[in-house]
Amino acid sequence: MIAFVNGAVAALTPTLAVIEVGGVGMAVHCTPNTIAGLRTGEQARLATSLVVREDSLTLYGFADDDERQVFELLQTASGVGPRVAQAMLGVHSPDALRAAFAAGDAKALTAVPGIGPKGAQKLLLELKGKLGAPAPMVGAQRAVASGPAPWTEQLSAALIGLGYASREADEAVVAVTPQAEAAIAAGGSAPVPQLLRAALQSLNRAR
């Protein structure tokens, strides 16, 4: 098993980071949140999980070991493969997922693309207690200061990481804000992976 990769970031896409390790470019599939923390040409260390199939070897990368552990635990549920597990981590942090399972919050799980109400209930039954308890919130975390929503920061950082200027990133965030607000108004959370794709489309049209 490849537990982690450490090297210079050779290239980035919305879902993939290429990390140069010993002269070899390792293609690592990542969530937009993880991509947002990377910069082309800079050193990076990603915890990884290697998924072996008959016709492929796919490496998934994470910001830390906790994300990787949750990724692997999610796949112990029937019907959850690496793509669904990664999509869940693309929408929710590990602790947010722990809180959702602890509270039996099906709505939080249906915010993940590809998971419907029946699938969410099934996951709650299969995984409750397996992910552990969420970390206790400290006062500073409870009292979130007013300012940009977390999804705007994640999206802007991801776009800048892909090489866009801050001004372009800000314009793209504005362009997809109605889509994000509609998702939140429907009772879900802002779907950062879909918003990133929409933002890239808006930037391509503007060029």
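Please read all numbers here as calculations on a predicted model, not as lab measurements.
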So which pairs with a foot in [range] pass ring-ring contact (aromatic ring centres under 6.0 Å, His included), sequence neighbours left out?
| range | value |
| --- | --- |
| residues 96-115 | none |
| residues 3-27 | none |
| residues 62-83 | Tyr60-Phe71, Phe62-Phe71 |

Do [X] and [Y] land in one hydrophobic cluster if side-chain heavy atoms of ILVMFWY residues count as linked below 4.5 Å?
| X | Y | result |
| --- | --- | --- |
| Ile115 | Val70 | yes |
| Leu155 | Val112 | no |
| Leu50 | Val28 | yes |
| Leu73 | Leu125 | no |

Identify the heavy atoms of [X] and [Y] that sit nearest to each other, and give their distance.
| X | Y | answer |
| --- | --- | --- |
| Leu196 | Ala158 | CD1-CB, 4.2 Å |
| Gln121 | Ala106 | NE2-CB, 3.5 Å |
| Ile2 | Thr48 | O-OG1, 2.5 Å |
| Cys30 | Leu46 | SG-CD1, 4.0 Å |

Side-chain donor-acceptor contacts of residues 31-40 below 3.5 Å, not counting sequence neighbours, with atom names and distances?
from, atom 1, to, atom 2, distance (Å)
Thr31, OG1, Thr34, N, 3.3
Thr31, OG1, Thr34, OG1, 3.2
Arg39, NH1, Ala36, O, 2.8

N/O donor to acceptor pairs below 3.5 angstrom from side-chain atoms of residues 80-93, sequence neighbours left out:
from, atom 1, to, atom 2, distance (Å)
Gln86, NE2, His29, O, 3.0
His92, NE2, Ala108, O, 2.6
Ser93, OG, Ala96, N, 3.1

Measuring from atom [atom1] of [X] to atom [atom2] of [Y], what distance do you get when rounded to the nearest 0.5 angstrom?
| X | Y | atom1 | atom2 | result |
| --- | --- | --- | --- | --- |
| Lys122 | Leu109 | NZ | CG | 12.5 Å |
| Leu159 | Leu203 | CG | CG | 6.0 Å |
| Gln179 | Ser202 | CD | OG | 10.0 Å |
| Leu127 | Leu97 | CG | CG | 9.5 Å |

Throw together a table of side-chain donor-acceptor distances under 3.5 angstrom for residues 11-23, partners on residues two or more places apart or in other chains.
from, atom 1, to, atom 2, distance (Å)
Thr13, OG1, Thr15, N, 3.3
Thr13, OG1, Leu16, N, 3.0

Would you say [X]'s side chain and [Y]'s backbone share a donor-acceptor pair under 3.5 angstrom?
| X | Y | result |
| --- | --- | --- |
| Glu126 | Ser78 | yes |
| Ser156 | Glu153 | no |
| Lys130 | Ala77 | no |
| Thr110 | Pro117 | no |

Item checked: Check: Gln43 and Val9 side chains under 4.5 Å, non-hydrogen atoms -> no

Notebook entry, point to check: Does some side-chain heavy atom of Leu131 sit less than 4.5 Å from a side-chain heavy atom of Leu74?
Noted result: yes

Item checked: Pair Arg98 + Asp95, salt bridge at N-O below 4.0 Å -> yes

Next item on the list: Assess whether side-chain contact (heavy atoms from CB on, under 4.5 Å) is satisfied between Met26 and Leu59, documenting all intermediate values.
Entry: CA-CA 8 Å; Met26 307 284 284; Leu59 200 59; 4.0 Å; yes

Next item on the list: Scan Asp65, Asp64, Asp66 and name whichever one has a salt bridge (charged side-chain N to carboxylate O under 4.0 Å, His left out) with Arg68.
Entry: Asp65

